[in-house]
Participant: 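Structure provided below as structure tokens; questions to follow.
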Amino acid sequence: PYSRFYVGAAAMLRDGTIVVGNNQENVAYPSGLCAERIALFHAGASYPEIPVVALAVVALKDGVFQKSISPCGACRQVMLETEQRYGNPVRVLMCGSDKTIVIPSVKDLLPFSFSGMSHTFSGNSSVSLVLVLYFQMSTSTYIWAFSKPTTTTFVPFSMKPDPETL
């Protein structure tokens, strides 16, 4: 990689198969891809019926084993969807020179994830969450208020609310 920051990932499948990936960088920055996604996409393409049960991530810089690193947000979303696809937790091992951090499920790395299929938040339902979004449409403003991770309330208003009070 251009950065000389080498990341490797290994996905373990339920049958014991290990599928590996490494970060791919490109001078057109967004064209690169993280090691975690490469390993998971490779596993999904090569072994689509075998669930991923664990994913280990490690980094090297200038040939030196680095401290534990955490997957980026995009990788966390792909990891979560892999977990949901197979209906079983994927254990995440963030391996480093200082320690190995073991996360029992990707849900623990992305507790307030968005699911495009259900249009609800997943995560700990005991957490009180208030999220308000609004947009102007014609002469009315519409507000969606999420008072709990699993409920949605749609409330139309005839006047635009003050963003400072939201």
Side-chain angles (χ1 to χ4, degrees), residues 1-127 129-133 135 144 146 148-152:
Y2 295 104
S3 67
R4 295 195 174 103
F5 190 78
Y6 297 89
V7 180
M12 185 168 75
L13 308 184
R14 181 171 284 153
D15 69 355
T17 300
I18 304 293
V19 179
V20 298
N22 63 300
N23 61 319
Q24 299 294 311
E25 294 180 0
N26 189 284
V27 71
Y29 173 71
S31 299
L33 201 58
C34 298
E36 299 93 314
R37 284 182 278 160
I38 289 180
L40 290 174
F41 292 157
H42 179 195
S46 300
Y47 307 94
E49 302 304 319
I50 305 171
V52 175
V53 296
L55 182 72
V57 183
V58 65
L60 292 172
K61 173 99 174 149
D62 298 324
V64 178
F65 192 36
Q66 299 297 295
K67 291 184 177 182
S68 300
I69 60 168
S70 177
C72 73
C75 285
R76 290 178 190 208
Q77 183 66 37
V78 169
M79 292 162 60
L80 181 66
E81 290 181 28
T82 300
E83 187 172 90
Q84 292 170 340
R85 173 181 174 196
Y86 294 110
N88 67 270
V90 173
R91 189 171 42 151
V92 181
L93 293 90
M94 297 178 283
C95 308
S97 60
D98 54 341
K99 60 187 166 191
T100 296
I101 300 167
V102 179
I103 308 295
S105 170
V106 179
K107 288 180 186 176
D108 298 323
L109 286 174
L110 199 59
F112 295 106
S113 63
F114 177 76
S115 170
M117 295 176 71
S118 65
H119 299 293
T120 61
F121 289 97
S122 65
N124 186 341
S125 61
S126 66
V127 175
L129 174 69
V130 176
L131 173 65
V132 178
L133 304 171
F135 67 93
W144 279 277
F146 301 92
K148 293 183 180 175
T150 57
T151 61
T152 304

Participant: Does the pair Ser70 and Arg76 meet the rule for a side-chain contact (heavy atoms from CB on, under 4.5 Å), with working shown?
Facilitator: CA-CA 9 Å; Ser70 177; Arg76 290 178 190 208; 2.4 Å; yes
Participant: Rounded to the nearest 0.5 Å, what separates atom CD in Glu49 from atom CZ in Arg14?
Facilitator: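 Here the interatomic distance stands at 12.0 Å.
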Participant: Which heavy atom in Val90 sits nearest to a heavy atom in Leu55, and how many Å separate them?
Facilitator: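 Of all heavy-atom pairs spanning Val90 and Leu55, the closest is CG1-N, 4.2 Å.
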Participant: Please indicate whether Lys67 has more than 12 foreign heavy atoms, meaning atoms of other residues, nucleotides or ligands, lying under 6.0 Å from its NZ.
Facilitator: no
Participant: Of all the heavy-atom pairs spanning Tyr47 and Tyr86, show the shortest one and how long it is.
Facilitator: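 Looks like O-OH, 3.9 Å.
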Participant: As a quick check of understanding, evaluate side-chain contact (heavy atoms from CB on, under 4.5 Å) for Lys107 and Leu80, giving each step before the final call.
Facilitator: CA-CA 7 Å; Lys107 288 180 186 176; Leu80 181 66; 3.7 Å; yes
Participant: Which heavy atom of Phe41 sits nearest a heavy atom of Val78, and at what distance?
Facilitator: CE2-CG1, 3.6 Å
Participant: Is there a donor-acceptor contact under 3.5 Å linking the side chains of Gln66 and Ser97?
Facilitator: no
Participant: Atom CG in Leu110, atom SG in Cys75: separation rounded to 0.5 Å?
Facilitator: 11.5 Å
Participant: Start with the C-alpha gap between Arg37 and Cys72, add the side-chain angles, then the distance that decides, and say whether side-chain contact (heavy atoms from CB on, under 4.5 Å) holds.
Facilitator: CA-CA 10 Å; Arg37 284 182 278 160; Cys72 73; 4.2 Å; yes
Participant: Does Asp98 reach the main-chain N or O of Ser68 with its side chain, forming a donor-acceptor pair under 3.5 Å?
Facilitator: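 Yes.
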Participant: Between the side chains of Gln24 and Asn26, is a donor N or O closer than 3.5 angstrom to an acceptor N or O?
Facilitator: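 No.
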Participant: Could you tell me if the side chain of Met79 sits less than 4.5 Å from the side chain of Pro71, heavy atoms only?
Facilitator: yes
Participant: Show your working on side-chain contact (heavy atoms from CB on, under 4.5 Å) between Ile101 and Leu93 and close with a plain yes or no.
Facilitator: CA-CA 6 Å; Ile101 300 167; Leu93 293 90; over 6 Å; no
Participant: Any chance you could measure Asn22, atom CG, to Ile38, atom CD1, to the nearest 0.5 Å?
Facilitator: 6.0 Å
Participant: Would you indicate whether the side-chain heavy atoms of Ile103 and Met94 approach each other to under 4.5 Å?
Facilitator: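 They are in contact (side-chain heavy atoms under 4.5 Å apart), so the answer is yes.
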Participant: Are the side chains of Ser3 and Glu25 in contact, using a 4.5 Å heavy-atom criterion?
Facilitator: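 Glu25 reaches Ser3 side chain to side chain.
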Participant: If every non-hydrogen atom of Asn23 is compared with every non-hydrogen atom of Phe5, which pair is closest and at what distance?
Facilitator: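 In this case the closest contact between Asn23 and Phe5 is ND2-O, 2.9 Å.
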Participant: For the pair Asp15 (side chain) and Thr17 (backbone), establish whether a donor and an acceptor sit closer than 3.5 Å, ignoring hydrogens and angles.
Facilitator: yes
Participant: For Ala35 and Val7, which heavy atoms make the closest approach, and how far apart are they?
Facilitator: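 That closest heavy-atom pairing would be CB-O, 3.4 Å.
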Participant: Measuring only between side-chain heavy atoms, which start at C-beta, is Val53 closer than 4.5 Å to Leu13?
Facilitator: no
Participant: So which heavy atom on Glu83 is nearest to which on Val106, and how close?
Facilitator: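 Closest pair (atom of Glu83, atom of Val106, distance): OE2-N, 2.9 Å.
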